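Order of the sequence lines fixes the chain letters, A, B, ..., with proteins taken first and strands second; residue numbering starts at 1 for each chain. Computed over heavy atoms, backbone and side chain alike; hydrogens, waters and symmetry mates excluded. Because the structure is predicted, anything quoted here is derived from the model rather than measured.
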Amino acid sequence: MEWRQVGKLKSTYVDALPELVNPRTGRIHTTFNQAVAATGRLSSTNPNMQNIPVRSERGQRVRDLFVAGGPDRVLLSADYSQIELRVIASMSGDAGMIDAFLSGEDIHAATASKVFGVPLAEVSREQRSQAKTVNFGIIYGVSAFGLSQQTNLSRSEAKEVIEQYFATYPGIKKYIDDQVAAARAQGYVETLLGRRRYLRDIDSRNQAVRGHSERNAINAPIQGTAADIVKLAMIRIHDRLQREGLKSPMILQVHDELVFDAYSTEVESLRELVKAEMESAFVLKVPLVADTGVGRTWLKAH
DNA sequence: TCAATCACG
DNA sequence: ACGTACGTGATTGAA
């Protein structure tokens, strides 16, 4: 497994990326596709700059190779905190999840506290980790089987955790049922901004095919609304950079993160501008929060 | 050309 | 009885 990890990093990144450096600019120039992903996300090719390693230690050494454009510059990274969970909280109107975000709670710990019925301060690492897995799973339409595969919970335990989750956040259960019903009635679901995903297999007699379509009905409005919001923020940031005469370019989008090649002289005003535009790009029933970081490398900007 | 694998959010 | 968590792109090796 270690051999495979090293081989992946070498062939896909260490060997391939230097070949893609433009001799004129000395930089790598990706292409962003705006009409590929079914949810409205961007995708990135030749090379894919949205899957640069970061999770493993060896992966972090690769990400550390991406540097600012000159000695007078730094990379500024700004990323949305929990944007998809905030979107489902808002779209579903679930009072408990909305309250958790309004109070600025650690959403995974808050979920664990409610689902497992323990005080917030007594949530164990294991409980928080399981709650985090459920929170992510819910966005994808996970089943008890899927959750049991993803955790060390048995199937029956996973079933109970999901039931407790829906008892804690009844609005989320309703959101899921409503989106699947909307897909059946209309043949599509849509984001808060009206982007549609058509689901032609929603009535399939093949339950695996139909199940896939139902999970798309659950997930697409969430992932798609988040994508819409990020795009709005990008447009507004670009406008303000131009209007206010800032010269630091926006160079990357990684779904919930924007990266800028910032001139050191501009970095503080840029940071304020970017954070403000990301957090006000669209008004939900919960706050949008964007965290920023600055560093000489992409890794260190986090 | 395709499936399997693995990198990311 | 059946199938089982969303969205992508690049590389590899076999057909």
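With a 3.5 Å ceiling on both atom-pair distances, the Watson-Crick or G-U wobble partner of dT1(B) is dA14(C).
For Lys159(A), the NZ atom sits in a loose shell: 12 or fewer heavy atoms of surrounding residues, nucleotides or ligands are nearer than 6.0 Å. Atom NZ of Lys132(A) has 12 or fewer neighbouring heavy atoms from other residues, nucleotides or ligands inside a 6.0 Å radius.
Residue Ala38(A) is in sugar-phosphate contact alone, with no base atom involved, counting any heavy-atom pair closer than 4.0 Å across all strands shown. Here Ala144(A) lies out of heavy-atom contact (under 4.0 Å) with every strand. Using a 4.0 Å heavy-atom distance criterion, Thr133(A) is classed as a base contact.
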Give me the distances for all protein-to-nucleotides 6-8 of chain B N/O pairs that come in under 3.5 Å?
| from | atom 1 | to | atom 2 | distance (Å) |
| --- | --- | --- | --- | --- |
| dC6(B) | OP1 | Arg4(A) | NH1 | 3.0 |
| dC6(B) | O4' | Lys8(A) | NZ | 3.4 |
| dC6(B) | O2 | Lys8(A) | NZ | 2.9 |
| dA7(B) | N3 | Asn51(A) | ND2 | 2.9 |
| dC8(B) | OP1 | Val54(A) | N | 2.8 |
| dC8(B) | OP1 | Arg55(A) | N | 2.7 |

Strictly under 3.5 Å: I want the nitrogen or oxygen pairs between protein and nucleotides 12-15 of chain C, one per line.
none

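Contact annotation: side chain of Ser43(A) to base of dT8(C), donor-acceptor pair absent below 3.5 Å.
The distance between the ring centers of Tyr165(A) and Tyr169(A) falls below 6.0 angstrom.
Applying the 4.0 Å criterion to OP1 and OP2 of dG9(C), one finds that Asn33(A) has a side-chain N or O inside that range. Phosphate contact (OP1/OP2 of dC6(C), side-chain N/O of Arg197(A), threshold under 4.0 Å): absent. Residue His212(A) has a polar side-chain atom (N or O) positioned under 4.0 Å from OP1 or OP2 of dC6(C).
Annotation: dA1(C) and dC6(B) have their P atoms spaced 34 Å apart (nearest Å). dT5(B) sits 24 Å from dC2(C) when the P atoms are compared, rounded to a whole Å.
Put simply, CG on Leu252(A) is 12 Å from P on dG9(B), counting in whole angstrom units. The separation between Leu20(A) atom CG and dG9(C) atom P is 16 Å, rounded to whole Å. In this entry the distance linking NZ of Lys159(A) with C1' of dT4(C) reads 15 Å, nearest Å. In this structure, CG of Leu17(A) is placed 11 Å from P of dA10(C), rounded to the nearest angstrom. Rounding to whole angstrom units, CD1 of residue Ile176(A) and C1' of dC6(C) are separated by 13 Å.
Taking the side chain of Ala37(A) as heavy atoms from C-beta on, and the options dT11(C), dT8(C), dG9(B), the nearest nucleotide is dT8(C). The side chain of Asn216(A) approaches dC6(C) more closely than any other nucleotide in the set dT8(C), dC6(C), dT4(C).
At a cut-off of 3.5 Å, with distance as the only test, a side-chain donor of Ser248(A) or Glu266(A) sits close to an acceptor on the other residue. Remark: the Asp64(A) side chain and the Thr297(A) side chain contain an N/O donor-acceptor pair separated by less than 3.5 Å. A side-chain donor-acceptor contact under 3.5 Å links Ser43(A) and Asn33(A). With no hydrogens or angles considered, a side-chain donor-acceptor pair links Thr292(A) and Arg271(A) at under 3.5 Å. Using modelled atom types, one finds no donor on one side chain facing an acceptor on the other under 3.5 Å when comparing Thr45(A) with Thr31(A).
Residues Leu192(A) and Ile229(A) have side chains not in contact (no heavy-atom distance under 4.5 Å, counting atoms from C-beta outward).
Ionic pairing of Asp106(A) and Arg128(A) is present here: one or more N-O contacts between side-chain nitrogen and carboxylate oxygen are shorter than 4.0 angstrom.
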